[in-house]
*Asks:* 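Provided herewith is a single structure, encoded as structure tokens, for subsequent inquiry.
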Amino acid sequence: MKLYNTLTRKVEEFKPIKRDKVGIYMCGMTVQDRPHLGHIRSFLVGDVLRRYLEYRGYHVDYVQNFTDIDDKIIEKMHSEGTDWRDIGHRYTDEYLSAASKLNIKKANHFPRATQFIQEIIELVNILLEKGYAYLTPSKNVYFDVSKFEGYGKLSGKKLDELKEGARVEPDPEKKNPFDFALWKQHKEGEPYWYSPWGKGRPGWHIECSAMSTHFLGQPFDIHMGGQDLIFPHHEDEIAQSEAAYGKKFVNYWVHIGFMQIKGEKMSKSTGLFFAIEDILKEYDPNTVRLFVLQKHYRSPMDYTEEFLKSTEEAWKKLENTMHKAHFYQNTTLNAELISEFEKHMDEDLNTPKAIGKIFSYIKEHPEDPHTPAFLLKVLGFEPKESKTSEKLDKIMEVILKVRNALRRDKQFAYADMIRNELNKLGIKVKDGRDKTEWTL
RNA sequence: GGCGGCGUAGCCAAGUGGUCUAAGGCGACGGUUUGCAAAACCGUUAUUCCUCGGUUCAAAUCCGGGCGCCGCCUCCA
């Protein structure tokens with residue numbers, strides 16, 4: 001399959017390091033606030049890539065981190081008067097709960113930054129020893145970007161362009177304004193860990209370097225995340241890891257476009273966001289999945305209530321098909337649809353096109369719900385299990401038999417009464433052409 | 001100031017040189033079915049792709065100018 005690689009700015013044929021194994025590191029959340037639709041977009045795309053690679057026969061080792069210590073968390077800890085760990089757990093749990101509802105497959109590993117302090121310290125040590133990092137008088141350790149030749153290769157930045165930037169406030173202790181903290185000296189009232197440079201805590205980017213290579217080795221196959229991470233986060237990860245070990249860090253960089261609201265980026269810092277848990281109160285998780293996959297993952301997408309609503313209607317159609325597939329045990333799948341689907345998925349994960357094909361197939365081949373359902377499962381769609389039981393099925397059969405007898409006798413008042421009463425119990429009754437269907 | 005992206009029907013969205021008089025979804029309209037409700041089903045809905053110019057036998061697709069919008073360069077998925 002082909003994937004767009006931010007590093008080369010080209011769509012490239014994907015070749016894993018090992019023949020049948022793929023290592024993926026998904027840059028997870030800094031657990032400082034509620035997970036929102038923007039995060040979920042990235043994680044859903046990661047989930048679909050993973051599922052597709054698995055469908056293609058690869059064994060995928062998927063790692064997704066939680067960065068559970070950083071400036072914002074400390075800030076929040078002070079303003080809330082809570083412990084930093086509580087904040088981290090709160091939002092980690094909220095994410096995991098939403099992810100589970102959304103049928104996002106669990107990562108093989110969910111490392112947290114603070115579990116890897118030793119590995120981080122080792123990495124910082126190597127960088128100091130090799131001369132890529134320096135210790136300042138106030139005991140901060142910074143990475144010296146001027147020492148790393150490839151700095152800027154991911155984001156296309158050049159060191160001398162920074163002067164124009166005007167947004168960076170140079171720290172007097174930094175040799176170069178682009179230099180970034182590997183280790184931050186402890187301040188009163190903040191959490192800390194012991195290190196060769198005194199009490200302190202890791203800088204922002206270092207934890208991802210330490211955790212990704214810990215699980216996946218170096219180099220590894222795919223590193224993913226939102227587009228806002230390209231610079232400085234991913235750029236800095238490359239610098240640290242490649243400087244430390246003298247070899248390539250990651251082969252393919254996959255970045256997901258933003259979720260926007262009225263054309264503006266959805267983000268925690270602007271307060272402009274929709275928490276995923278709030279959306280899931282109103283919408284089926286599959287609707288959210290379809291919503292995201294209807295747009296190519298690299299383009300920015302605008303969140304509108306209207307679009308989510310229209311997606312909800314579209315999902316009903318797919319859900320119906322998946323339900324039908326459940327009943328008809330036809331096992332021959334349509335090879336043509338499958339190869340169309342694969343063709344589009346292979347083309348840099350063109351989910352909108354793949355889904356479009358599924359829709360038209362459903363229309364043209366109502367007799368085969370099986371192939372579409374099979375492919376929708378590959379994309380991670382999973383309709384709600386109807387909470388039915390054999391006994392209930394039998395009871396409903398009896399009730400509907402009686403009700404249809406009443407209808408045949410034109411005793412509509414009684415028939416409608418039964419329908420209304422069932423409705424109150426949450427059972428919806430639909431009279432079809434020659435069959436009455438019901439759903440819980 | 002530097003770098004990157006985008007502009008396709010009422011809305012969303014694929015397509016990046018010929019099979020495009022442009023997929024697919026939502027909506028709207030018309031119809032079939034129906035005791036009613038809901039659903040389902042069928043049909044219609046862009047001769048045109050922000051704009052101007054160029055290249056080409058051929059462009060939504062390539063090149064140049066213009067207009068508009070967004071992101072990154074600061075914490076961010």
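Residue numbering restarts at 1 for every chain, and letters A, B, ... go by the order of the sequence lines.
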*Asks:* Could you give the distance separating B:C12 and B:A28 at their C1' atoms, to the nearest angstrom?
*Replies:*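 About 15 Å, rounded to a whole number of Å.
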
*Asks:* Is the centre of the A:Y52 ring less than 6.0 Å from the centre of the A:Y55 ring?
*Replies:*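 Yes.
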
*Asks:* Given B:A14, B:A77, B:G71, which nucleotide is nearest the side-chain atoms of A:D228?
*Replies:*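 When the side chain of A:D228 is considered, B:A77 is the closest of B:A14, B:A77, B:G71.
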
*Asks:* If the C1' atom of B:U19 is compared with that of B:G10, how far apart are they to the nearest Å?
*Replies:*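 It works out to 30 Å between them.
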
*Asks:* Look at the side chain of A:M259 and decide which nucleotide, out of B:G4, B:G35, B:A77, has an atom nearest to it.
*Replies:*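 Closest nucleotide to the A:M259 side chain: B:A77.
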
*Asks:* Rounded to the nearest angstrom, tell me the gap between atom OH in A:Y151 and atom C1' in B:C73.
*Replies:*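 Distance, rounded to whole Å: 10 Å.
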
*Asks:* Give the nucleotide from the list B:C75, B:C73, B:C26 with an atom nearest to the side chain of A:S310.
*Replies:*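 Given the options B:C75, B:C73, B:C26, the side chain of A:S310 is closest to B:C26.
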
*Asks:* Measuring only the C1' atom in each nucleotide, how far is B:U55 from B:G17? A whole number of Å is fine.
*Replies:*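 To the nearest whole Å, 12 Å.
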
*Asks:* Considering only atom C1', compute the distance from B:C11 to B:G4 and round it to an integer number of Å.
*Replies:*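 It comes out at 27 Å once rounded to the nearest Å.
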
*Asks:* Which nucleotide sits closest to the side chain of A:Q260: B:C70, B:A14, B:C3?
*Replies:*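 Output: B:C70.
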
*Asks:* Where do N or O atoms of nucleotides 37-39 of chain B meet protein N or O atoms at under 3.5 Å, pair by pair?
*Replies:*
residue, atom, partner, partner atom, Å
B:A37, N6, A:D431, O, 3.1
B:A37, N1, A:D431, N, 3.2
B:A37, N3, A:R419, NH1, 3.1
B:A38, N1, A:D431, O, 3.2

*Asks:* Which whole-number value in Å describes the distance from A:I230 CD1 to B:C70 P?
*Replies:*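 Interatomic distance, CD1 of A:I230 to P of B:C70: 19 Å.
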
*Asks:* Any chance you could lay out the ring pair (Phe, Tyr, Trp, His ring centres under 6.0 Å) test for A:F43 and A:Y95, step after step, and finish with the verdict?
*Replies:* CA-CA 10 Å; A:F43 301 140; A:Y95 168 72; 5.1 Å; yes

*Asks:* Give me the distance, rounded to whole Å, that separates B:A9 from B:U44 when you measure between the C1' atoms they each carry.
*Replies:*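 The answer is 14 Å between these two C1' atoms.
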
*Asks:* Could you measure the distance from the CZ atom of A:F14 to the CD atom of A:E12? Nearest 0.5 Å is fine.
*Replies:*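 These two atoms lie 11.0 Å from each other.
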
*Asks:* Between B:A23, B:C42, B:C75, which nucleotide gets closest to the side-chain atoms of A:K363?
*Replies:*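 In terms of side-chain proximity for A:K363, the closest of B:A23, B:C42, B:C75 is B:C42.
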
*Asks:* Nearest whole angstrom, please: distance from the C1' of B:C75 to the CD1 of A:I74.
*Replies:*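 Nearest whole value for this atom pair: 13 Å.
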
*Asks:* Roughly how many Å is it from CH2 in A:W438 to P in B:A40, rounded to a whole number?
*Replies:*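 In whole Å, B:A40 P and A:W438 CH2 are 19 Å from each other.
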
*Asks:* Between C1' on B:C72 and CG on A:D236, what's the gap in Å once rounded to a whole number?
*Replies:*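 Taking CG of A:D236 and C1' of B:C72, I get 14 Å after rounding.
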
*Asks:* For atom C1', what is the distance between B:G24 and B:U8, given to the nearest Å?
*Replies:*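 Between the two C1' atoms, the distance is 14 Å.
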
*Asks:* Counting side-chain heavy atoms from CB outward, which of B:A23, B:A77, B:C75 is closest to A:K357?
*Replies:*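 The answer is B:A23.
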
*Asks:* For atom CD of A:Q115, decide whether the heavy atoms of other residues, nucleotides or ligands shown that lie under 6.0 angstrom number more than 12.
*Replies:*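 Yes, CD of A:Q115 has more than 12 neighbouring heavy atoms, counting only those of other groups under 6.0 Å.
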
*Asks:* Using whole Å, what does the distance between atom C1' of nucleotide B:A77 and atom OH of A:Y91 come to?
*Replies:*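 Taking atom C1' of B:A77 as the reference, OH of A:Y91 is at 17 Å.
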
*Asks:* Flag the pair A:D47 and A:K105 as a salt bridge only when some basic side-chain nitrogen lies within less than 4.0 angstrom of an acidic carboxylate oxygen.
*Replies:*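 No, A:D47 and A:K105 are not salt-bridged.
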
*Asks:* Counting Watson-Crick and G-U wobble pairs only, both distances under 3.5 Å, name the nucleotide matched with B:G53, or none.
*Replies:*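 Across any shown strand, B:G53 pairs with B:C63.
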
*Asks:* Side-chain donor or acceptor of A:D416 under 3.5 Å from a matching atom on the base of B:G35?
*Replies:*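 Answer yes: a donor N or O sits under 3.5 Å from an acceptor.
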
*Asks:* Ignoring hydrogens and angles, does a donor from either the side chain of A:K157 or the base of B:C3 sit under 3.5 Å from an acceptor on the other?
*Replies:*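 No.
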
*Asks:* Can you tell me, in whole Å, how much space there is between the C1' of B:U47 and that of B:G66?
*Replies:*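 Rounded to whole Å, the distance is 26 Å.
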
*Asks:* With heavy atoms under 4.0 Å as the rule, sort A:G38 into base, sugar-phosphate or nothing.
*Replies:*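 Base, at least one base heavy atom under 4.0 Å.
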
*Asks:* Apply side-chain hydrogen bond (donor to acceptor under 3.5 Å, both in side chains) to A:T213 and list each qualifying residue two or more places apart in sequence or on a separate chain.
*Replies:*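 Expected list: none.
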
*Asks:* For B:G65 and B:A22, measure between their P atoms and round to the nearest Å.
*Replies:*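 Pairwise P distance, B:G65 against B:A22, rounds to 31 Å.
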
*Asks:* Strictly by Watson-Crick or wobble contacts shorter than 3.5 Å, is anything paired with B:G1, and which nucleotide is it?
*Replies:*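 B:C73 - that is the nucleotide pairing with B:G1, both distances being under 3.5 Å.
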
*Asks:* Does B:G27 have a Watson-Crick or wobble mate here (both distances under 3.5 Å), and if so which one?
*Replies:*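 Across all strands, the one nucleotide that pairs with B:G27 is B:U45.
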
*Asks:* When you measure from the side chain of A:E94 to the backbone of A:P35, do you find a donor-acceptor pair of N or O atoms at a distance under 3.5 Å?
*Replies:*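 No; zero donor-acceptor contacts below 3.5 Å.
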
*Asks:* Within the structure, does a side-chain N or O atom of A:T30 lie under 4.0 Å from either OP1 or OP2 of B:A77?
*Replies:*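 Checking B:A77 against A:T30, a side-chain N or O does come within under 4.0 Å of OP1 or OP2.
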
*Asks:* Just wondering, do A:F359 and B:G24 stack (centres under 5.5 Å, planes under 30°)?
*Replies:*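 Not stacked: fails the 5.5 Å / 30° test.
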
*Asks:* Does B:C73 have OP1 or OP2 under 4.0 Å away from a side-chain N or O of A:K158?
*Replies:*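 For A:K158, the contact criterion (side-chain N or O under 4.0 Å from OP1 or OP2 of B:C73) is not met.
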
*Asks:* Let's test this: given Watson-Crick or G-U wobble pairing with both distances under 3.5 Å, identify the partner of B:A58.
*Replies:*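 Because no pair has both required distances under 3.5 Å, B:A58 counts as unpaired.
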
*Asks:* Please determine if A:E306 and A:K309 form a salt bridge, counting it only when a charged side-chain N lies under 4.0 Å from a carboxylate O.
*Replies:*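 No, no charged N to carboxylate O under 4.0 Å.
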
*Asks:* Starting at atom CD of A:E364, determine the distance to atom P of B:G25, rounded to an integer number of angstrom.
*Replies:*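 In whole Å, B:G25 P lies 10 Å from A:E364 CD.
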
*Asks:* Using a 4.0 Å heavy-atom cut-off, does A:H296 contact any base of the nucleic acid, only the sugar-phosphate backbone, or nothing at all?
*Replies:*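 A:H296: backbone/sugar contact only, no base atoms under 4.0 Å.
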
*Asks:* Let's test this: given Watson-Crick or G-U wobble pairing with both distances under 3.5 Å, identify the partner of B:G17.
*Replies:*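 Pairing partner, where one exists within any strand: none, as none qualifies.
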
*Asks:* According to the Watson-Crick and G-U wobble definitions, with both distances under 3.5 Å, which nucleotide is paired to B:A9?
*Replies:*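 Paired with B:A9, as far as the under-3.5 Å criterion goes, is no nucleotide at all.
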
*Asks:* From the list B:A23, B:A77, B:G25, which nucleotide is the closest neighbour of the side chain of A:K353?
*Replies:*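 The nucleotide sitting nearest to the side chain is B:A23.
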
*Asks:* Identify the heavy atoms of A:Q294 and A:T311 that sit nearest to each other, and give their distance.
*Replies:*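 Answer, listing the atom of A:Q294 first, then A:T311: OE1-OG1, 3.2 Å.
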
*Asks:* Taking NZ in A:K101 as the centre, count heavy atoms belonging to other residues, nucleotides or ligands within less than 6.0 Å. Is the count above 12?
*Replies:*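 Yes, enclosed.
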
*Asks:* What is the pairing partner of B:A40, taking Watson-Crick or G-U wobble pairs with both distances under 3.5 Å in any strand?
*Replies:*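 Looking at the geometry, B:A40 pairs with B:U32.
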
